[in-house]
Amino acid sequence: QLVESGGGLVQPGGSLTLSCFGSGDIAWYNMEWHRQAPGKQRELVGIAPNTESPRYSAAVEGRFTISRDDAKRTIYLQMNDLKPEDTAVYYCNIPTAGVWGQGTQVTVSS
């Protein structure tokens with residue numbers, strides 16, 4: 001089971017950090033962050049491999065940072081310079097296990 005937290009309302013240019021806590025050991029797994037904006041398909045935000053550096057979509061490269069603390073069974077999504085188009089429900093998942101969290105809403109608006 002994965003549980004996301006940290007969403008909320010933020011002004012354009014602001015920052016927010018999301019967390020995703022795993023009920024089991026996540027150390028062996030590649031983890032991903034996705035998001036789904038209203039009326040749009042879910043899209044990949046970034047990948048947190050368990051043995052490599054994170055990778056990001058072009059839409060968030062340079063603004064978002066993924067990190068993981070396997071001892072705490074948690075991955076993080078640090079989001080800076082947020083834009084209205086970043087408004088979405090953000091999900092974490094374990095792609096090889098088909099496990100998704102319930103999502104956390106991020107709204108960027110003045």
Side-chain angles (χ1 to χ4, degrees):
Q1 183 182 5
L2 299 173
V3 179
E4 301 94 338
S5 61
L9 173 64
V10 62
Q11 293 186 342
S15 298
L16 209 57
T17 298
L18 307 182
S19 301
C20 170
F21 173 76
S23 59
D25 188 358
I26 67 168
W28 303 107
Y29 296 100
N30 293 339
M31 306 286 292
E32 296 178 347
W33 282 101
H34 294 250
R35 66 185 182 185
Q36 187 166 17
K40 296 187 177 180
Q41 288 188 334
R42 192 170 296 188
E43 64 174 354
L44 178 67
V45 173
I47 301 170
N50 62 335
T51 58
E52 300 173 2
S53 298
R55 300 189 293 275
Y56 305 92
S57 71
V60 307
E61 179 79 48
R63 300 188 297 121
F64 290 12
T65 302
I66 295 174
S67 60
R68 56 189 297 163
D69 186 337
D70 290 340
K72 295 183 178 180
R73 295 180 286 168
T74 301
I75 66 169
Y76 303 93
L77 181 65
Q78 170 70 43
M79 304 183 292
N80 298 324
D81 189 24
L82 282 160
K83 306 176 186 299
E85 52 264 41
D86 295 318
T87 295
V89 179
Y90 284 72
Y91 301 89
C92 61
N93 83 308
I94 303 175
T96 55
V99 176
W100 290 84
Q102 83 290 348
T104 186
Q105 175 70 48
V106 172
T107 302
V108 185
S109 175
S110 55

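Small disclaimer: the values here were computed from a predicted structure and weren't measured.
Counting heavy atoms from C-beta on, the side chains of Tyr29 and Asn50 never come closer than 4.5 Å. The side-chain heavy atoms of Val3 and Gln102, taken from C-beta on, include a pair separated by under 4.5 Å. Between Thr87 and Gln105 there is a side-chain heavy-atom pair separated by less than 4.5 Å. Put simply, the side chain of Met79 does not reach to within 4.5 Å of the side chain of Trp33, judged on heavy atoms. A 4.5 Å side-chain heavy-atom check between Arg35 and Val60 finds at least one atom pair inside the cut-off.
Nearest approach of Asn80 to Ser15, heavy atoms of both residues: OD1-OG, 2.9 Å. Closest heavy-atom contact between Ser57 and Leu44: CB-O, 3.5 Å. For the pair Ile75 and Cys92, the tightest heavy-atom approach, listed with the atom from each and the gap, is CD1-CB, 4.2 Å.
There is no side-chain donor-acceptor pair under 3.5 Å between Gln36 and His34.
Both Val108 and Leu18 are part of a single hydrophobic cluster, where members link through side-chain heavy atoms under 4.5 Å apart. A chain of hydrophobic side-chain contacts below 4.5 Å, direct or via other Ile, Leu, Val, Met, Phe, Trp or Tyr residues, connects Tyr56 to Val45.
Taken to the nearest 0.5 Å, the CG atom of Leu16 stands 9.0 Å off from the CG atom of Leu77. Distance check, rounded to the nearest 0.5 Å: OG1 of Thr104 to OH of Tyr91 gives 10.0 Å. Between the CG atom of Asn30 and the CD atom of Glu52 there is a distance of 7.5 Å, given to the nearest 0.5 Å.
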Inset, instruction - Determine, step by step, whether Leu2 and Ile94 satisfy the side chain to side chain contact (heavy atoms under 4.5 Å, CB included) criterion, reporting the C-alpha distance in whole Å, the side-chain angles of both residues, the deciding distance to 0.1 Å, and the verdict. - result: CA-CA 9 Å; Leu2 299 173; Ile94 303 175; 4.0 Å; yes
Inset, instruction - Let me see the working for Gln11 and Ser110 under side-chain hydrogen bond (donor to acceptor under 3.5 Å, both in side chains), right down to the final yes or no. - result: CA-CA 5 Å; Gln11 293 186 342; Ser110 55; over 6 Å; no
Inset, instruction - Determine, step by step, whether Ile66 and Met31 satisfy the side chain to side chain contact (heavy atoms under 4.5 Å, CB included) criterion, reporting the C-alpha distance in whole Å, the side-chain angles of both residues, the deciding distance to 0.1 Å, and the verdict. - result: CA-CA 10 Å; Ile66 295 174; Met31 306 286 292; over 6 Å; no
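With hydrogens and angles ignored, the 3.5 Å screen pairs no side-chain donor or acceptor of Thr65 with any backbone N or O of Gln78. With hydrogens and angles disregarded, a donor-acceptor distance shorter than 3.5 Å links the side chain of Glu4 to the backbone of Gly103.
Aromatic ring pairs are classed by plane angle as parallel below 30°, tilted from 30° to 60° and perpendicular above 60°; the pair Phe64 and Tyr90 is tilted.
The number of heavy atoms from other shown groups lying within 6.0 Å of CD (Glu85) is above 12.
When each of Lys72, Arg68, Arg73 is tested with Asp70 by the rule side chain to side chain donor-acceptor pair (under 3.5 Å), just one qualifies, namely Arg68.
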